[in-house]
Amino acid sequence: SCRDWQPTGRARRMSTAIERLVGAARLTAVVAVAALLSSCSSGSGNQPQSTDPGRFPIPARIAVSVAPFASIEDALQAEAGVDWLHDKASANSVTLAYAAIEIRDHLARAGVAATVTTAGSTASPAIVLALHQPDGPDAAATAGMGIDYGALGDQGYAIVPLDGSVYITANDRVGLLYGAYALLDQLGFAWYDPYETHVPDPSALQGSLQWHMVQAVPRIRLRGFWVYADPPIPDEFAIWLARNRLNLGGRARPALQRKLGLRGWGGHHDLLQQEFSRAGIFEQHPDWFALIDGVRRPVTTATPDVYFNPSFCNPAVAEYFADQIIERLESGDLKDVDVLNVWPADDRFNLFDQSPEARALGNETDNMLFFYANVAARLQAAVADGRLSRPVQLAGISYFQTMQPPTNRSVVDALEATEYLHVHSPLERDWSGPLDTNLADRDANREFLSAFAEWQSFARLRYGVVDY
């Protein structure tokens, strides 16, 4: 099982399980991305006592506010036309309406009838979906519940039984959607693959149930799969990700991706090859290319899956590359990407720049991080000056030569000042025994963990790990 969620001190632990993964798309790796600079979770990890959970039947009504839409149906039909990045009220209502319908339809499969309504939350017992916004339509419903909203962040949620109703509340629409699925999880529903839903025995949901307060936040901020397939991923797979409270999985249809709170994850080795193999660029700027055995080596796309690196120590390389990518992120083939992979050639056959400037900067890792720091800074500047209409997180990678820790303090300092994410994708891991037994005692794993510990001690970055 995979436990990604950490309850706060007031709440009872809720177990989330993915018991088997059957791909609806071509899945190559699982990624878990943890923010070291600011933790997403709080609490001790023990199972605290529930706080007067109450005992009552599943309410027959699901209450949700969908303003500015006139009805639930209007909100659901507006998905494709919402400006998801700028019209927060509409975005909230579409996701909340969808969450309400998901609860209704799942309950119906277990023989429990519930009606979705926009009526006030105090009209009768209900499952109430309420965003915590001081000046929002649900302000009265979320006041006085004793929820530590500051600890919930933008993905956490709380489930509170009160006077015959069940309140699902969060700071953000995505957190509230996760809370809806957590409630269904509590009731016995599970999603083993995109085409199979486990439905609990209807008799288990009849009569009065024992309810518990839950307040949970993700331990891991980005969770999911790298998908080697052309976008979009199947709708069924995107929905399956959200139901299991995962938020990475390639790129879905843009409106569906935004509605479900998925982060568009794109880019790979090809980006560097595409931008530095453009006609005439090598002849105009030979110093942008790596010096290998005394010769500048051009970047080419002539041979599939053969990648070469530019000269990462040259600031002009990062400036050119970032400006090209910003255009593609804003209005080109990357416009639905939120987490952008930029991968170098990092294997025993493709050497990094050997120029005096590169050697003066440090090892291969220092050179690569210097490039990433400059690109990440330019991406953030583009958001500030309006060239890029959304934040995009740059994700770099280490998998062979650059598994060695960095040594250049000034390079790391510059990178730490950005929203950069560094992913380790080790080529050698030992899975020769059970996944949950003595992983760290195996030679290949011990070598990786030792290098990773050195990385962490020197560079306080946001880190991720991909396992094949």
Side-chain angles (χ1 to χ4, degrees), residues 2-16 32-56 59 62-65 88-89 91-92 95-96 99-100 103 121-122 126-187 210-223 242 244-247 261 263 462:
C2 175
R3 294 174 182 264
D4 287 338
W5 294 79
Q6 170 72 33
T8 63
R10 293 178 54 85
R12 176 173 176 159
R13 174 179 299 278
M14 181 183 65
S15 171
T16 61
V33 180
L36 294 182
L37 295 184
S38 58
S39 173
C40 298
S41 65
S42 59
S44 63
N46 297 320
Q47 292 198 3
Q49 298 298 314
S50 60
T51 58
D52 189 23
R55 188 174 185 84
F56 49 85
I62 303 167
V64 60
S65 172
K88 188 172 184 179
N92 287 343
T95 297
L96 267 60
I103 295 173
S121 61
T122 58
I127 298 173
V128 182
L129 279 57
L131 279 177
H132 176 65
Q133 298 172 325
D135 56 350
D138 301 314
T142 60
M145 287 187 181
I147 302 300
D148 184 0
Y149 284 101
L152 292 185
D154 60 353
Q155 295 187 47
Y157 57 83
I159 302 173
V160 183
L162 183 65
D163 298 331
S165 290
V166 178
Y167 292 85
I168 305 174
T169 182
N171 293 317
D172 185 88
R173 61 185 178 84
V174 176
L176 202 146
L177 179 63
Y178 292 159
Y181 290 131
L183 177 67
L184 293 171
D185 191 345
Q186 278 192 334
L187 295 174
Q210 188 73 51
W211 299 88
H212 299 276
M213 176 181 173
V214 171
Q215 185 170 323
V217 293
R219 287 175 172 172
I220 298 171
R221 189 160 183 80
L222 297 175
R223 310 164 299 279
N244 285 292
R245 282 146 284 171
L246 304 174
N247 59 1
R263 304 291 301 280
R462 295 161 180 82

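Going from atom CD of Q186 over to atom CD1 of I159 covers 4.5 Å, rounded to the nearest 0.5 Å. Considering CG of L152 and OG1 of T169, their distance stands at 7.5 Å, rounded to 0.5 Å. Between the CG atom in L246 and the OH atom in Y178 there is a gap of 7.5 Å [rounded to 0.5 Å].
Nearest approach of R221 to D154, heavy atoms of both residues: NH2-OD2, 2.8 Å. V64 and A100 make their closest contact through CG1-CB, 4.0 Å (heavy atoms, listed as atom of the first residue, atom of the second, distance). Minimum heavy-atom separation, I147 to A158: CD1-CB, 3.6 Å. Taking all atoms of both residues into account, the shortest heavy-atom contact from P59 to S165 is CG-CA, 4.4 Å. In terms of heavy-atom proximity, L129 sits nearest to L96 at CD2-O, 3.6 Å. A pairwise comparison of heavy atoms in R173 and L131 identifies N-CD2, 3.6 Å as the closest pair.
Side chains of Y157 and L177 form no contact here, defined as non-hydrogen atoms less than 4.5 Å apart. At least one side-chain heavy atom of M213 sits under 4.5 Å from a side-chain heavy atom of P161. Side-chain contact between L222 and N247 is present, with at least one heavy-atom pair separated by less than 4.5 Å. Residues V166 and F56 have side chains in contact (heavy-atom distance under 4.5 Å, counting atoms from C-beta outward). Contact annotation: the side chain of Y181 never approaches that of D185 to less than 4.5 Å [non-hydrogen atoms, C-beta and beyond]. Between I168 and I127 there is a side-chain heavy-atom pair separated by less than 4.5 Å.
Counting only distance, with no hydrogens or angles, the side chain of N171 and the backbone of Y149 share a donor-acceptor pair below 3.5 Å.
D172 has no carboxylate O lying under 4.0 Å from a charged side-chain N of K88, or vice versa, which leaves the two without a salt bridge.
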